[in-house]
Amino acid sequence: MKAVLFCFLILCSSLSIATFSGATKTQRAFSIDLFHYNSPLSPFYNSSLTSSQLLKNAASRSISRSNRVSLLVSEDKLPSTITTPDEFLPEYLIRYYIGTPPVERFAIADTGSDLVWVQCSPCKKCNPQKPPLFDPKKSSTFRTVPCDSQPCTLLHKNQRICGTSGQCVYGYSYGDKSFTIGQLGVDLINFSSNRNATFHKLTFGCGFLNKEAVHIDTRMSKNTGLVGLGAGPLSLTSQLGDEIGRKFSYCLVPFGSKFTSKLKFGSESMENVKGVVSTPLIIKSNIPTFYFLHLEGISVGNKMVKTSKKSAVANDYGNIIIDSGTPLTSFEKTFYNEFVSLVKEVLGVKEAKENPLNTLCFRYHAKSSFPNFVLHFTGAKVSMNRDNLFYYSDEENLLCSLFHTGKFGFPILGHMAQVGFRVEYDLHGGKVSFAPTDCTKN
Ligand SMILES: *[C@@H]1O[C@H](CO)[C@@H](O)[C@H](O)[C@H]1NC(C)=O
Ligand SMILES: *[C@@H]1O[C@H](CO)[C@@H](O)[C@H](O)[C@H]1NC(C)=O
Ligand SMILES: *[C@@H]1O[C@H](CO)[C@@H](O)[C@H](O)[C@H]1NC(C)=O
């Protein structure tokens with residue numbers, strides 16, 4: 001995707017923010033399950049994989065993901081080198097029903113992209129999937145989108161062409177060279193039996209030529225597309241817009257929990273929630289998809305490392321992307337090195353040779369006391385649990401970091417660091433809030 005495209009998109013989204021800024025009232029609230037595909041409750045669960053195997057898989061996916069994001073960011077000339085990830089496996093999936101009569105679909109929930117799309121028949125090239133393809137001809141409520149109408153014109157002109165019968169044909173590519181091409185349509189989409197979760201005219205891409213650079217994994221064959229939750233104008237969250245008060249949140253349960261995580265739209269105000277802290281949500285006009293926060297530093301015990309002023313990335317306000325789709329957290333290299341030195345100093349640990357997750361591991365004894373790790377975002381100090389930042393293996397007395405410096409990647413706050421918090425994105429209020437929560441009870 002080219003920079004020009006991003007300029008175009010922000011024009012639209014900032015326009016819509018300005019137009020609707022008076023409307024704050026949530027008209028609908030609903031909550032849906034967010035299936036981590038390794039959770040025992042998930043339809044994707046494979047009981048034969050061990051938890052350390054799962055973590056290793058998660059770690060390798062983080063590195064790919066960070067590179068994938070950096071590809072997008074780097075096209076806007078932020079300093080990052082580009083590598084092509086060879087594997088990208090998404091983390092969370094949601095279930096929805098589309099059309100009349102409704103057809104069940106599972107799709108990747110992605111805060112790092114905007115379009116909602118599903119693989120459709122007749123298909124020229126589709127990723128392998130178990131359920132039959134969605135056939136728009138069999139849905140009495142499906143309508144094609146004409147090329148001159150609003151949803152079509154929200155796509156950049158390089159992302160659309162006019163079909164032979166005046167229908168909107170889209171082409172949407174991702175940073176990792178995967179893409180979807182198809183017809184833009186509207187249909188009834190329903191996220192649960194809750195009436196608040198039924199939408200009569202959601203715009204989505206009916207993809208008939210799709211290539212996902214997904215590592216082929218049998219558990220993923222129920223996946224049929226993608227639901228973009230980013231900040232751009234065609235994402236699910238932007239389409240629901242004022243109906244959900246321009247607000248959504250999630251609460252992620254710990255790795256391997258037998259409860260499901262939740263995604264809430266139009267959630268009630270978090271102002272009075274115990275322990276809640278908020279930091280500005282930064283949407284950059286040149287790359288409007290991503291949710292940026294500003295990390296000022298991290299403290300370990302009573303010592304702190306600050307993000308580098310020298311780095312061009314850190315200098316920019318909004319130096320880390322918050323993402324639900326990346327397991328591990330990645331930091332800019334200079335900052336990472338300083339942070340690791342501080343961790344070693346305060347914990348009094350030495351680097352181990354073993355690195356089962358391909359991250360940094362330390363020899364560590366569980367009985368030692370553990371200092372408080374706090375992420376200092378602008379205006380919000382978020383106190384981490386040990387498991388947000390480290391994986392501890394007591395057999396080996398190994399403490400391995402759940403953060404790394406994606407060699408070429410852009411800084412990302414991954415979802416493991418967000419487990420045990422309710423994280424709310426308030427686009428109207430321009431802030432992200434964190435509240436420590438037992439997500440298994442929500
Ligand atoms: C529907 O949304 C409204 C407004 O947010 C809320 O008060 C109500 O409880 C929701 N209904 C259900 C069944 O969730
Ligand atoms: C919504 O989804 C449920 C399944 O949870 C389905 O039975 C129902 O028919 C759907 N409602 C509409 C209006 O499509
Ligand atoms: C589960 O994982 C094992 C080990 O990787 C694999 O051989 C098997 O095919 C998987 N089963 C399913 C249903 O995905």
Side-chain angles (χ1 to χ4, degrees), residues 13 16-36 39 41-43 92-107 109 111 116 141 186-204 227-231 233-253 257 259-278 281 283 291 322 324 418 421-442:
S13 63
S16 64
I17 290 166
T19 315
F20 296 113
S21 59
T24 55
K25 207 161 158 48
T26 304
Q27 290 144 42
R28 314 173 177 218
F30 64 99
S31 169
I32 60 177
D33 289 330
L34 207 43
F35 299 103
H36 189 281
S39 122
L41 279 193
S42 149
Y92 288 100
L93 293 105
I94 57 177
R95 185 204 326 252
Y96 68 92
Y97 300 84
I98 182 168
T100 310
V103 181
E104 181 192 67
R105 298 285 92 158
F106 283 95
T111 52
V116 179
T141 41
V186 291
D187 207 339
L188 189 149
I189 290 183
N190 166 3
F191 294 91
S192 73
S193 49
N194 181 341
R195 278 186 54 206
N196 284 356
T198 298
F199 297 88
H200 290 276
K201 282 182 177 164
L202 272 188
T203 301
F204 68 100
V227 170
L229 299 173
L234 280 182
S235 75
L236 177 66
T237 37
S238 297
Q239 286 195 58
L240 304 188
D242 290 327
E243 292 203 76
I244 56 162
R246 301 179 62 81
K247 249 188 223 175
F248 69 99
S249 71
Y250 48 72
C251 203
L252 306 176
V253 300
S257 166
F259 296 92
T260 48
S261 299
K262 292 280 189 279
L263 176 61
K264 289 185 180 180
F265 294 95
S267 33
E268 66 278 14
S269 164
M270 277 178 71
E271 263 159 41
N272 299 321
V273 174
K274 194 167 159 264
V276 70
V277 289
S278 301
L281 168 62
I283 312 267
Y291 299 105
I322 177 169
S324 63
Q418 302 175 56
F421 292 92
R422 188 161 151 223
V423 182
E424 186 187 72
Y425 296 65
D426 177 353
L427 280 94
H428 176 258
K431 63 184 180 189
V432 170
S433 302
F434 297 86
T437 305
D438 179 353
C439 297
T440 64
K441 291 187 181 143
N442 252 261

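Model, not experiment: these values are computed from the prediction. Just so you know, ligand 1 is whichever comes first in the structure, and atom 1 is the first atom listed for that ligand.
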Does some non-hydrogen atom of Gln27 fall short of 4.0 Å from ligand 1?
-> yes
Candidate pair Leu236 and Phe265, rule side chain to side chain contact (heavy atoms under 4.5 Å, CB included), full reasoning | CA-CA 10 Å; Leu236 177 66; Phe265 294 95; 3.8 Å; yes
Pairing residues for Thr141 by the side-chain contact (heavy atoms from CB on, under 4.5 Å) criterion, not counting sequence neighbours | Thr100, Ser139, Asp187, Leu188
Can you list the ligand 1 atoms lying under 4.0 Å from a non-hydrogen atom of Ala29?
-> 1 (C), 2 (O), 5 (O), 10 (C), 14 (O)
Hey, which atoms in ligand 1 end up nearer than 4.0 Å to a heavy atom of Asn196?
-> 1 (C), 2 (O), 3 (C), 8 (C), 10 (C), 11 (N), 12 (C), 14 (O)
Is the distance between the ring centroids of Tyr96 and Phe199 less than 6.0 Å?
-> no
Sequence neighbours left out, what passes salt bridge (Lys or Arg N to Asp or Glu O under 4.0 Å) with Asp426? Give chain and number order.
-> none
